[in-house]
Every structure is written in C-alpha cells, then in structure tokens.
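What follows is a set of notes on a single structure, which appears directly below.
Chain letters run A, B, ... following the sequence lines, proteins first and then strands; every chain starts at 1.
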Amino acid sequence: MSKRKHYWLMKSEPEDFSIDDLARVRTEPWTGVRNYQARNFMRSMEVGDGVLFYHSSTEIPGIYGVAEVVSAAYPDPTQFNPKSKYFDEKSTPEQPRWFLVDVGYVRTLKHPVTLEAIRAHAEELGEDFALIRRGTRLSVLPVSAVQWKLLLSLE
DNA sequence: GCCAACGTTGGC
DNA sequence: GCCAACGTTGGC
C-alpha cells in the first residue's frame with residue numbers, strides 16, 4: 001500500500017503570513033482560500049504532500065521555503081465566523097463550501113527561487129505550469145515531481 | 001443562460 | 001498606484 005507523494009505550490013503575501021511566520025508557529029491552517037479550483041486542489045491533498053511556499057505581492061516574488069501538508073482537508077472555520085473577513089453567509093457547517101489543510105514548516109531556502117529565475121526556466125517547466133501560465137491567478141496549484149526537483153535545484 | 005458590473009489577484 | 005486578466009454576482 002504505497003501512495004505517491006504529490007507536490008503543490010501555495011502563495012501567501014509575506015506581509016500577511018511569511019515563511020518566517022510559519023517557522024515560528026510550525027504549523028498553520030491555510031485559511032481564506034475562496035476560489036473553487038484552489039479549494040479542489042486542497043481537498044485532494046494528503047498528509048505528507050510537499051509544498052513550495054511562495055511569496056506574492058512583494059518586492060521579489062518567488063519561492064522562499066518548503067512546507068508540507070500535515071492534515072487532511074477539513075472545513076475552513078473562518079467561513080462560519082461573521083467577524084472574519086473570510087465569512088461566507090452562504091456556507092453552513094452541514095454543507096461547508098470551503099476547505100483547508102494544515103501546513104507544516106520544513107525549511108527556509110538559503111536563496112529564494114525568484115519568479116524571474118522561474119520564468120527563465122519556463123521551457124523546462126512546461127506549458128502546464130500554472131504559476132507562469134498567462135492569466136492564471138491560482139493561489140494553490142499542483143507541481144509535478146519533475147517541476148519540484150527543477151525548482152528546488154535553482155535554490 | 002447571457003453579459004455587464006464589480007471585486008480580486010498579483011506583477012510591475 | 002496602475003492595470004490586465006479572471007472569477008463571481010445579479011438583473012434581465
């Protein structure tokens with residue numbers, strides 16, 4: 001009974017939550033994803049999956065760390081909290097709309113793999129790499145084993 | 001079911 | 001702060 005490990009890239013605005021924050025808290029529920037495609041990816045995650053921690057909307061966007069999935073998907077509690085900015089009045093505990101996983105710290109990259117460097121390897125990464133595909137804005141996206149290896153070789 | 005208006009993402 | 005590209009909403 002072996003399962004193939006899957007890989008993902010997850011974006012966060014470092015002013016909001018950075019790899020240093022994750023290093024401090026060790027594990028963090030990935031709240032606030034309100035995009036159906038990203039949600040579907042999170043629902044398919046399994047404990048042990050690898051995560052590239054990407055800083056977006058910052059001076060030098062890029063991959064700054066490695067994390068891992070440390071829980072199965074479960075309903076995002078913020079959707080039920082009227083005080084939360086992620087509150088969704090159309091969601092109920094009986095039929096939750098939004099799911100998340102807990103993400104655990106693995107390591108901080110010695111040198112970030114910048115978006116610029118990633119773009120420079122666009123050809124090897126392939127057309128299907130959603131991070132640099134034109135027009136895609138996904139905050140959670142799949143990474144193949146080959147892409148994972150290539151991206152981390154740029155550290 | 002169409003589509004205009006609006007909100008969000010995220011690089012620059 | 002700008003703006004392109006998307007996704008969602010709601011009137012019809």
Side-chain angles (χ1 to χ4, degrees), chain A residues 6-25 28-45 49-69 73-144 146-148 150-155:
Chain A
H6 289 98
Y7 301 96
W8 310 93
L9 182 146
M10 297 171 88
K11 297 180 186 173
S12 182
E13 299 191 13
E15 279 187 30
D16 223 46
F17 189 79
S18 70
I19 188 70
D20 292 339
D21 293 322
L22 185 61
R24 247 189 318 273
V25 299
E28 176 76 3
W30 207 260
T31 55
V33 170
R34 294 294 180 268
N35 169 283
Y36 288 106
Q37 208 179 340
R39 176 206 66 182
N40 293 344
F41 287 137
M42 279 206 291
R43 259 199 319 212
S44 71
M45 288 180 185
D49 282 359
V51 174
L52 297 171
F53 197 112
Y54 182 92
H55 286 183
S56 65
S57 293
T58 188
E59 195 175 347
I60 304 173
I63 298 162
Y64 281 72
V66 177
E68 64 180 340
V69 175
Y74 62 97
D76 181 342
T78 63
Q79 70 195 302
F80 309 125
N81 178 3
K83 299 238 174 72
S84 168
K85 65 171 171 173
Y86 300 126
F87 177 62
D88 185 342
E89 59 178 9
K90 290 179 184 156
S91 188
T92 65
E94 293 71 35
Q95 274 206 308
R97 250 191 205 195
W98 306 111
F99 288 78
L100 55 67
V101 294
D102 292 343
V103 171
Y105 179 78
V106 174
R107 67 186 183 91
T108 303
L109 298 196
K110 290 186 273 299
H111 309 285
V113 177
T114 64
L115 179 59
E116 189 184 11
I118 295 168
R119 284 197 201 283
H121 292 265
E123 206 157 309
E124 298 142 87
L125 288 162
E127 297 272 311
D128 63 326
F129 190 47
L131 182 70
I132 51 177
R133 196 166 55 208
R134 194 176 152 278
T136 40
R137 289 280 129 109
L138 277 174
S139 64
V140 176
L141 53 104
V143 174
S144 73
V146 171
Q147 290 163 342
W148 172 276
L150 172 61
L151 288 166
L152 287 179
S153 78
L154 304 177
E155 179 178 359

(request) Write down the distance between CG (A/Leu138) and P (B/dG11), rounded to a whole number of angstrom. (result) 13 Å
(request) Would you mind classifying the nucleic acid contact of A/Arg34 as base, sugar-phosphate or nothing, using non-hydrogen atoms under 4.0 angstrom? (result) nothing
(request) Map A/Arg97 and A/Gly135 onto DNA chain C by nearest heavy atom, then report which one ends up closer to the 5' terminus. (result) A/Gly135
(message) If you take the centroid of each ring, where Trp contributes its six-membered ring, are A/Trp30 and A/Phe99 closer together than 6.0 Å?
(response) no
(message) It should be established whether A/Arg137 places a side-chain nitrogen or oxygen under 4.0 Å from OP1 or OP2 of nucleotide C/dG7.
(response) no
(request) Calculate the interatomic distance between A/Ile132 atom CD1 and B/dG10 atom P; express it in whole Å. (result) 15 Å
(message) Quick check for you: to the nearest 0.5 Å, what is the distance between A/Asn35 atom CG and A/Arg137 atom CZ?
(response) 12.0 Å
(request) Would you kindly give the OH-to-P distance between A/Tyr86 and B/dT9, to the nearest whole Å? (result) 8 Å
(request) Output the single nucleotide from B/dT9, B/dC12, C/dT8 whose closest atom is nearest the side chain of A/Tyr36. (result) C/dT8
(request) Return the value, rounded to whole Å, for the distance between atom CZ of A/Arg39 and atom P of C/dG7. (result) 15 Å
(message) Starting the side chain at C-beta, find the nucleotide from B/dC12, C/dA4, C/dG10 nearest to A/Lys90.
(response) C/dG10
(request) Would you mind reading off the distance between A/Glu15 atom CD and B/dG10 atom C1', rounded to a whole angstrom? (result) 13 Å
(message) Taking the minimum atom-to-atom distance to the side chain of A/Asn35, which one of B/dC12, C/dA5, C/dG7 wins?
(response) C/dG7
(request) May I have the distance from A/Met10 (atom CE) to B/dT9 (atom P), rounded to whole angstrom? (result) 15 Å
(request) Going by the side-chain contact (heavy atoms from CB on, under 4.5 Å) test, name the single residue among A/Ile63, A/Val113, A/Thr114 that passes it with A/Leu154. (result) A/Val113
(message) For B/dT9 and A/Lys11 - does any side-chain N or O of the residue sit under 4.0 Å from the phosphate oxygens OP1/OP2?
(response) no
(request) Identify which nucleotide among B/dG11, B/dT9, C/dG7 has an atom closest to any side-chain atom of A/Tyr54, counting heavy atoms from C-beta outward. (result) B/dG11
(request) Using whole Å, report how far CD1 of A/Ile60 lies from P of B/dG10. (result) 18 Å
(message) Looking only at side-chain N and O atoms, does A/Tyr36 offer a donor or acceptor that is under 3.5 Å from a partner on A/Arg97?
(response) yes
(request) Test A/Asp76 against A/Arg34 for salt bridge (Lys or Arg N to Asp or Glu O under 4.0 Å), laying out the working first. (result) CA-CA 10 Å; A/Asp76 181 342; A/Arg34 294 294 180 268; 3.1 Å; yes
(request) Indicate, with a heavy-atom threshold strictly under 4.0 Å, whether A/Ser57 touches base, sugar-phosphate, or nothing. (result) base
(message) Please report the distance, rounded to the nearest Å, between CD in A/Glu59 and P in B/dC12.
(response) 13 Å
